[in-house]
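Here's the structure, in structure tokens; my notes come after.
Lettering follows sequence order; numbering is per chain, from 1. Because only heavy atoms are used, hydrogens play no part in the values below, and waters and symmetry mates are left out as well, while side chains stay in.
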Amino acid sequence: MAEAYNHKLIEKKWRANWEKNPVNVDDGKKPKYYCLDMFPYPSGNGLHVGHWRGYVISDVWSRYKMQQGYYLIHPMGWDAFGLPAENYAIKMGVHPAKSTAENVANIKKQINEIAAIYDWDREVNTTDPEFYKWTQWIFVKMFKAGLAYQKEMPINWCPSCKTGLANEEVVNGRCERCGAEVTKKNLNQWMLKITNYADRLLADLDKLDWPEKVKKMQTDWIGKSYGAEVDFTVENTDRKITVYTTRPDTLYGATFMVLAPEHAMAKDLATDETRADVEKYIYDASMKSNVDRLQDKEKTGVFTGSYAINPLNQAKIPIWLSDYVLADYGTGAIMCVPAHDDRDFEFAKKFHIPIIQVIAKDGKEIEDMKEAYTEANGTMINSGEWNGMESAVLKKEAPLIIEKKGYGRKTTNYKLRDWVFSRQRYWGEPIPIVHCEKCGPVPVPEEELPLLLPEVEKYQPTGTGESPLADITDWVNTTCPCCGGPAKRETNTMPQWAGSSWYFLRYVDNKNKEALVSKEKADKYLPVDMYIGGVEHAVLHLLYSRFYTKFLYDIGAVDFDEPFVKLFNQGMITGKNGIKMSKSKGNVVSPDDLVRDYGCDSLRLYELFVGPPELDSEWDDRGIDGVYRFLNRFWKMAVSSIEANPQPTKEMIKLRHRMVYDITTRLESFSLNTVVSGFMEYNNKMIELSKQQGGIDKETLETAVILLSPFAPHIAAELWERLGHEGENVFTVGWPEYEEDAMKDDEIEIAVQINGKTKATVSLAADADKDTAVAKAKEALGSKLSGNIVKEIYVPGRIINIVAK
RNA sequence: GCAGGAGUGGCGGAAUGGCAGACGCAUCAGACUCAAAAUCUGACGUAGGUGACUAUGUGUGGGUUCAAGUCCCAUCUCCUGCACCA
């Protein structure tokens with residue numbers, strides 16, 4: 001009776017072994033492979049099976065690379081500053097430093113249960129002063145480069161989190177973190193000039209081996225458009241209003257102009273008759289939240305009483321205010337061509353403004369226009385000297401024509417805005433700036449960094465727009481590094497994204513006191529070859545990281561300008577009916593019990609087996625029995641094979657090569673769920689072959705164990721030892737290779753069809769010629785074949801199809 | 001509204017244009033057992049037939065092809081992202 005599979009004993013034994021004998025060692029000769037997980041923030045809830053999946057995927061991939069001869073950079077760390085950690089601390093009534101440390105310890109313990117080969121010597125924590133020293137250093141460098149600046153403006157304000165937010169953190173008018181409605185608040189903010197990098201951030205997407213979806217999301221977020229600015233004069237004045245348009249070809253069709261209510265000139269355009277209405281409209285608009293403004297489908301507006309003059313034809317058009325025009329895009333003012341824009345059309349209809357068609361649709365003017373004709377496709381009409389031109393051509397040429405005539409200029413625009421970088425919260429990196437009345441904002445000298453986050457009693461957000469740090473007068477009051485006079489410290493802190501925008505650089509040189517990362521180590525270990533994580537950071541962390549990396553490249557800190565060569569987004573694990581796992585829904589599945597009952601190896605396999613790694617999957621506990629049974633059967637087959645030690649048969653050799661081929665190709669294409677089913681298939685076949693001689697041959701078994709080692713490391717290590725390799729590291733023996741010739745069958749089964757419908761199967765030599773194959777097929781079909789044979793198709797190794805009438 | 005992804009048994013899912021449903025879960029039957037669990041063997045899309053078998057079948061409707069889950073056109077549903085960006 002063969003010894004049964006005991007996951008508890010095996011896993012305990014090997015866990016202890018690996019602690020003493022690390023499997024991933026840098027001998028200085030191996031090439032590096034950097035496989036990175038998006039580092040977690042240390043939440044109090046711990047890990048659920050969904051977090052596990054990402055870590056298992058990255059570990060399997062890492063171990064595969066290790067098996068191929070790479071030295072791995074496979075680190076882990078903690079994104080521990082920021083709102084989630086701080087909000088948790090406030091809820092629990094403890095200091096965030098304390099709760100963060102506790103949560104880190106707890107999650108680290110849970111992560112170790114995965115048996116991933118993280119190199120804990122490389123661990124980083126964004127709240128560690130030795131780490132945030134460099135987060136602050138980057139800010140100082142950006143300040144010196146003119147990329148960090150202050151601006152007073154109405155920003156997105158989360159009344160629940162009591163802090164300002166970046167555009168990227170506002171989702172459908174709500175706070176990305178807590179879901180509260182975002183309002184506007186006028187604050188003096190630190191901004192990062194990410195817009196300086198808009199073109200490079202857009203263009204370099206082409207270099208990246210990333211999911212198309214993420215590239216598209218970033219492209220849309222950057223939102224580059226081409227067009228022209230056109231200057232209109234306000235009638236009877238010498239004041240100008242500049243509008244931005246992507247459709248200068250339709251300039252003759254402009255019948256009115258609309259300004260955002262926040263436009264600097266909005267109030268001034270009012271006349272005595274309209275002043276009351278205009279001021280009321282501006283006030284009402286200022287009171288609306290983002291959510292309201294988005295939900296108001298129906299257009300509203302007010303006529304200012306003033307008119308603008310179209311520089312092209314001197315036409316006099318009314319100037320309106322409406323909140324459908326955004327203040328912070330383009331110039332905050334637009335020319336409106338109702339005939340060729342849906343929004344302008346709707347507005348014109350509602351307020352009875354004339355509509356002039358300037359592009360012929362299907363060669364003619366539309367009589368009773370029911371909707372705008374928005375395509376730039378047709379001949380120009382009602383357009384003076386432009387009449388007869390093709391709209392598509394004019395669209396491209398008009399910006400230059402307008403520029404030459406002095407009516408405006410060719411421009412590009414971006415949806416991307418500068419990054420609101422300050423937070424009115426305690427738990428973040430202090431912004432290393434000192435405000436001096438004489439010298440203005442002065443950066444803390446680099447040699448004085450880190451600027452420590454002071455200990456405080458009261459760390460709750462104030463809600464006033466000031467950070468809790470503002471209360472610590474003896475911290476705030478300081479001297480100017482420049483002139484030595486009295487000065488005050490900046491009291492806002494950085495957003496959570498500050499640390500996560502560059503942490504991956506620090507892993508490879510995490511103890512360096514002289515530099516963010518040494519030149520030598522950066523060149524040797526960076527950039528990241530494979531980055532694995534959820535898709536939720538597509539326009540947040542992934543965009544910010546690219547921006548930071550480009551900046552660090554520009555100042556010569558690193559030698560590459562894209563941080564992540566390849567990106568893989570794993571799908572989410574949800575509870576029943578696709579509902580996101582959360583504590584409040586009560587559908588969180590904890591991995592702890594599953595590890596106890598089935599073992600780490602089983603759970604690792606099942607995490608992959610639930611479905612394609614890139615898609616969301618519903619978790620169903622029952623399925624884990626299947627992989628657990630597989631491991632039991634594999635174990636039983638293996639130990640009895642070791643005992644029987646049979647000579648390899650032709651069948652076994654063939655199976656070995658095919659197994660290597662199948663597992664490798666599936667793994668290479670990241671089809672990890674079918675790798676697991678492949679193991680099951682081949683195990684079933686090995687069990688079948690075992691029946692003849694009490695087992696399968698040693699080499700085939702060894703091959704299977706190596707193939708399995710990245711997926712189920714404990715059982716693989718144990719069986720490798722039992723196969724006579726005591727003291728050897730199964731994880732670095734090398735990935736097995738296959739030979740095409742050894743996989744081939746001499747005789748194959750092939751389907752025989754009549755008119756595309758399978759009617760029989762025949763077995764014939766793999767290299768049989770057409771005549772032989774067709775003859776055999778006809779024989780097998782016998783009386784089923786009737787009528788005239790029109791065509792005989794034979795695809796060797798695939799099919800025989802006889803077309804008969 | 002725009003863009004992307006997906007629709008295959010009771011369920012999760014598999015199929016370089018070539019025998020649809022691999023692999024697994026659940027279910028049912030049998031073996032072992034005093035019994036249960038575990039394990040092993042088998043059945044398992046639908047309809048008809050005792051049966052070998054026959055017909056039918058990958059959201060819906062067309063098309064290309066000797067051959068379509070796969071390619072093309074149209075259409076419906078669901079999910080994700082963006083959303084008055086001029």
Subject >> Reading 5' to 3' through nucleotides 63-69 of chain B, protein heavy-atom contacts under 4.0 Å coded B for base, S for sugar-phosphate only, - for none >> reply: ---BS--
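- With a glycosidic angle no further than 90° from 0, B/rG9 counts as syn.
- The side chain of A/Arg633 places no N or O atom within less than 4.0 Å of a non-bridging phosphate oxygen (OP1 or OP2) of B/rU39.
- Between A/Arg658 and A/Asp745 there is a salt bridge, with a side-chain nitrogen of the basic residue lying less than 4.0 Å from a carboxylate oxygen of the acidic one.
- Using a 4.0 Å cut-off, some side-chain N or O of A/Lys759 falls inside it from OP1 or OP2 of B/rA55.
- The side chain of A/Tyr324 contributes no N or O atom lying less than 4.0 Å from OP1 or OP2 of B/rA86.
- A 3.5 Å limit on both hydrogen-bonding distances identifies B/rC79 as the Watson-Crick or G-U partner of B/rG4.
- Within 4.0 Å (heavy atoms only), A/Thr761 reaches at least one base atom of the nucleic acid.
- Figure legend. B/rC23 is base-paired to B/rG12; pairs are counted as Watson-Crick or G-U wobble with both atom distances under 3.5 Å.
- Here B/rC66 sits opposite B/rG18 as a Watson-Crick or G-U wobble pair (both hydrogen-bonding atom distances under 3.5 Å).
- A distance of about 10 Å separates the P atoms of B/rG57 and B/rG69, rounded to the whole Å.
- Among the nucleotides B/rA26, B/rC19, B/rA86, the one closest to any side-chain atom of A/Thr758 is B/rC19.
- Residue contacts shown for A/Lys215 are absent, as no nucleic acid heavy atom lies under 4.0 Å away.
- Salt-bridge annotation for A/Asp206 and A/Lys215: absent, with no side-chain N of the basic residue lying under 4.0 Å from a carboxylate O of the acidic one.
- Remark: the separation of the C1' atoms in B/rC84 and B/rG17 is 45 Å, to the nearest Å.
- Salt bridge annotation for A/Asp341-A/Arg247: absent, with no cationic side-chain nitrogen under 4.0 angstrom from a carboxylate oxygen.
- Separation of the C1' atoms belonging to B/rC25 and B/rU33 is 26 Å when rounded to the nearest angstrom.
- A side-chain donor-acceptor contact under 3.5 Å links A/Tyr324 and A/Asp344.
- We find the CD-CG distance between A/Gln570 and A/Asp616 to be 10.0 Å, quoted to the nearest 0.5 Å.
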Show the distances under 3.5 angstrom between N or O atoms of the protein and N or O atoms of nucleotides 44-49 of chain B.
none

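- Among the protein residues, A/Arg417 comes within range of the nucleic acid bases, having at least one heavy atom under 4.0 Å from a base atom.
- You'll find that the side chain of A/Arg629 is closest to B/rC25, out of B/rG24, B/rC25, B/rA86.
- In this structure the side chain of A/Arg604 reaches within 4.5 angstrom of the side chain of A/Val60, judged on heavy atoms.
- Distance alone, capped at 3.5 Å, places no donor-acceptor pair between the A/Asn413 side chain and the A/Ser225 backbone.
- Interatomic distance, CG of A/Asn6 versus CH2 of A/Trp635, reported as 8.5 Å (0.5 Å rounding).
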**OP:** Assign a letter to each nucleotide of nucleotides 5-14 of chain B from its 5' end: B, base within under 4.0 Å of a protein heavy atom; S, sugar-phosphate only; -, no contact.
**Re:** -------BSS
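- Across the strands present, B/rU33 finds no partner; the criterion is a Watson-Crick or G-U wobble pair with both atom distances under 3.5 angstrom.
- Using C1' as the reference atom, B/rG9 and B/rA47 are 15 Å apart when rounded to the nearest Å.
- For B/rA68 and B/rG18, the P atoms lie 11 Å apart once the distance is rounded to whole Å.
- Between the base of B/rC19 and the side chain of A/Lys757 there is no donor-acceptor pair shorter than 3.5 Å.
- Pair check for B/rG61 finds B/rC73; Watson-Crick or G-U wobble, both atom distances under 3.5 Å.
- Nucleic acid contact class of A/Lys213 (heavy atoms, under 4.0 Å, all strands): sugar-phosphate only.
- Atom C1' of B/rC71 sits at a distance of 10 Å from the matching atom of B/rU65, rounded to the whole Å.
- A close approach under 4.0 Å does occur between a side-chain nitrogen or oxygen of A/Asn684 and OP1 or OP2 of B/rG24.
- In this structure B/rC44 sits in no base pair that meets the Watson-Crick or G-U test at under 3.5 Å.
- Under the 6.0 Å cut-off for aromatic ring centres, A/Phe351 and A/Phe303 do not qualify, their centroids lying 6.0 Å or more apart.
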**OP:** Give the C-alpha distance, both sets of side-chain angles, the deciding distance and a yes or no for side-chain hydrogen bond (donor to acceptor under 3.5 Å, both in side chains) between A/Asp199 and A/Tyr414.
**Re:** CA-CA 9 Å; A/Asp199 263 325; A/Tyr414 300 90; 2.8 Å; yes
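- Residues A/Phe345 and A/Lys349 have side chains in contact (heavy-atom distance under 4.5 Å, counting atoms from C-beta outward).
- A salt bridge links A/Arg409 and A/Asp231; the closest N-O separation between the charged side-chain nitrogens and carboxylate oxygens is under 4.0 Å.
- Ionic pairing of A/Glu792 and A/Lys778 is present here: one or more N-O contacts between side-chain nitrogen and carboxylate oxygen are shorter than 4.0 angstrom.
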